[in-house]
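Input: a single structure, listed below in structure tokens.
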2 protein chains.
Amino acid sequence: MGLAKTEIFTEEQNTIASMAKVLGHPARVSILEYLFKLNTCVCGDLVDEIGLAQATISQHLKELKSMGLIKGSVEGTSVCYCINLENWSRMKNTLAEFLDQDLTSNTCC
Amino acid sequence: MGLAKTEIFTEEQNTIASMAKVLGHPARVSILEYLFKLNTCVCGDLVDEIGLAQATISQHLKELKSMGLIKGSVEGTSVCYCINLENWSRMKNTLAEFLDQDLTSNTCC
DNA sequence: TTAATTAATCGTAATATTGCAATTAAACGA
DNA sequence: TCGTTTAATTGCAATATTACGATTAATTAA
């Protein structure tokens with residue numbers, strides 16, 4: 001079907017999955033790393049930095065924005081992007097909690 | 001195209017993306033949480049536990065197995081699954097390193 | 001106003017993902 | 001052996017994702 005049956009899972013499970021999903025493409029990972037590395041807003045040069053067409057980058061930026069991980073502000077003819085630290089932190093905590101699960105004992109395998 | 005241009009990204013970026021991708025579906029999140037909760041191998045009852053068809057569960061298990069996050073051992077007519085702790089830990093560290101990026105200063109936004 | 005620049009959006013093609021019914025394969029018990 | 005049980009695989013349909021050319025919208029500079 002191509003459509004996940006979100007209604008049979010918990011809110012938490014759907015949240016974790018959608019957070020992970022937005023990180024599930026190397027272009028978006030690359031964009032995020034670049035924004036962190038620059039440590040400031042990035043106006044324009046994302047298309048040059050990553051080797052994808054302008055329309056494709058714009059689409060990935062839209063997904064990152066819709067998950068709240070980045071924010072963009074219009075600056076003249078260009079748009080400046082940067083990490084949304086509050087939401088990034090929220091995501092980090094949610095995913096870390098999931099990843100930090102541990103088995104106290106591993107009785108069989 | 002539907003096909004990610006993996007060749008233009010770094011090995012690390014592709015690794016992070018593929019790890020995140022496998023966590024990007026609530027059914028797989030649910031399976032992993034169940035395996036952690038039970039704290040032991042699970043033989044069979046995954047289909048009852050999660051409300052998806054047997055073929056669908058089997059497919060998700062296959063993806064988790066191919067990423068090395070779980071391992072299954074044949075136990076008579078059924079198959080027992082459990083978390084692969086070494087690989088889980090590896091993934092946790094890789095993703096944590098990515099998520100722990102921080103901005104020392106946020107000069108513009 | 002007009003041209004130039006930049007990024008979003010639209011439209012489209014190719015591929016991937018999700019889900020399930022049906023079938024197959026493997027192992028056990030009678 | 002034969003039926004039963006369990007899970008993998010196959011085949012298919014529906015939807016999602018990725019990518020990009022072309023267009024549009026918005027802003028600036030001349």
Side-chain angles (χ1 to χ4, degrees), chain A residues 1-9 13-14 16-32 34-35 41-67 70-82, chain B residues 1-9 13-14 16-32 34-35 41-67 70-82:
Chain A
M1 297 229 162
L3 177 61
K5 281 191 154 180
T6 54
E7 70 276 8
I8 67 171
F9 302 105
Q13 287 162 346
N14 284 312
I16 291 170
S18 61
M19 285 174 170
K21 197 174 184 180
V22 82
L23 301 180
H25 193 287
R28 293 191 289 272
V29 170
S30 171
I31 289 170
L32 290 166
Y34 189 65
L35 290 178
C41 284
V42 167
C43 304
D45 44 328
L46 273 167
V47 176
D48 304 322
E49 181 66 20
I50 305 169
L52 291 170
Q54 183 265 323
T56 309
I57 296 290
S58 191
Q59 202 173 351
H60 285 302
L61 287 171
K62 190 181 176 185
E63 283 178 75
L64 290 169
K65 223 187 309 180
S66 80
M67 275 298 294
I70 63 174
K71 45 188 174 181
S73 55
V74 178
E75 202 87 14
T77 50
S78 60
V79 178
C80 291
Y81 287 104
C82 63
Chain B
M1 299 229 160
L3 177 60
K5 281 190 156 181
T6 55
E7 70 277 7
I8 66 171
F9 303 105
Q13 287 163 345
N14 284 313
I16 291 170
S18 59
M19 284 175 171
K21 197 174 185 180
V22 82
L23 301 180
H25 193 288
R28 292 191 288 271
V29 170
S30 171
I31 289 170
L32 290 166
Y34 188 66
L35 290 178
C41 283
V42 167
C43 304
D45 43 328
L46 274 167
V47 176
D48 303 322
E49 182 65 20
I50 304 167
L52 291 169
Q54 183 265 321
T56 309
I57 296 290
S58 191
Q59 203 174 348
H60 285 303
L61 288 171
K62 191 180 175 184
E63 282 178 74
L64 290 169
K65 222 186 310 180
S66 81
M67 275 298 293
I70 62 173
K71 45 188 173 180
S73 55
V74 179
E75 201 85 14
T77 48
S78 60
V79 178
C80 291
Y81 288 104
C82 61

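The chains referred to below are lettered A, B, ... by the order of the sequence lines, with proteins before strands, and numbering in each begins at 1.
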Q: State the CD-CG distance between Glu7(A) and Asn14(A), to the nearest 0.5 angstrom.
A: 9.0 Å
Q. How would you list, by chain and number, every residue that makes a side-chain hydrogen bond (donor to acceptor under 3.5 Å, both in side chains) with Glu63(B), sequence neighbours excluded?
A. Arg28(B)
Q: Could you check how far CD of Glu75(B) sits from C1' of dC28(C), rounded to whole Å?
A: 13 Å
Q) So, is Lys5(A) close to the dC20(C) phosphate, meaning a side-chain N or O under 4.0 Å from OP1 or OP2? A) yes
I'd like a table of atom pairs between the protein and nucleotides 3-9 of chain D - only N or O on both sides, under 3.5 Å - with the distance next to each one.
{"unit_1": "dA7(D)", "atom_1": "OP1", "unit_2": "Gly44(B)", "atom_2": "N", "d": "3.0"}
{"unit_1": "dA8(D)", "atom_1": "OP1", "unit_2": "Tyr81(B)", "atom_2": "OH", "d": "2.0"}
{"unit_1": "dA8(D)", "atom_1": "OP2", "unit_2": "Ser58(B)", "atom_2": "OG", "d": "2.8"}
{"unit_1": "dA8(D)", "atom_1": "N7", "unit_2": "Gln54(B)", "atom_2": "NE2", "d": "2.7"}
{"unit_1": "dA8(D)", "atom_1": "N6", "unit_2": "Gln54(B)", "atom_2": "OE1", "d": "2.9"}

Q) Which heavy atom of Ile8(B) sits nearest a heavy atom of Gly51(A), and at what distance? A) CD1-O, 3.5 Å
**Q.** Considering all heavy atoms, the nearest Cys80(B)-Glu75(B) contact
**A.** SG-CB, 3.7 Å
Q: Examine dT17(D): is either OP1 or OP2 under 4.0 Å from a nitrogen or oxygen in the side chain of Lys21(B)? Give yes or no.
A: no
(Q) Taking only side-chain N and O atoms of His60(B), does any of them lie within less than 4.0 angstrom of OP1 or OP2 on dT17(C)? (A) no
Q.
Tell me the closest heavy-atom pair linking Pro26(A) and Phe9(B), and the distance in Å.
A. CB-CD1, 3.5 Å
(Q) Can you measure His25(B) atom NE2 to dA16(C) atom C1' for me and round it to whole angstrom units? (A) 13 Å
Q | Contact nearer the 5' end of DNA chain D, comparing Glu63(A) with Val74(A) | A | Glu63(A)
Q) Rounded to whole angstroms, how far apart are CG on Leu46(B) and P on dG19(C)? A) 15 Å
(Q) Is there a side-chain contact between Tyr34(B) and Ile50(B) in this structure, where contact means two heavy atoms from C-beta onward sitting under 4.5 Å apart? (A) no
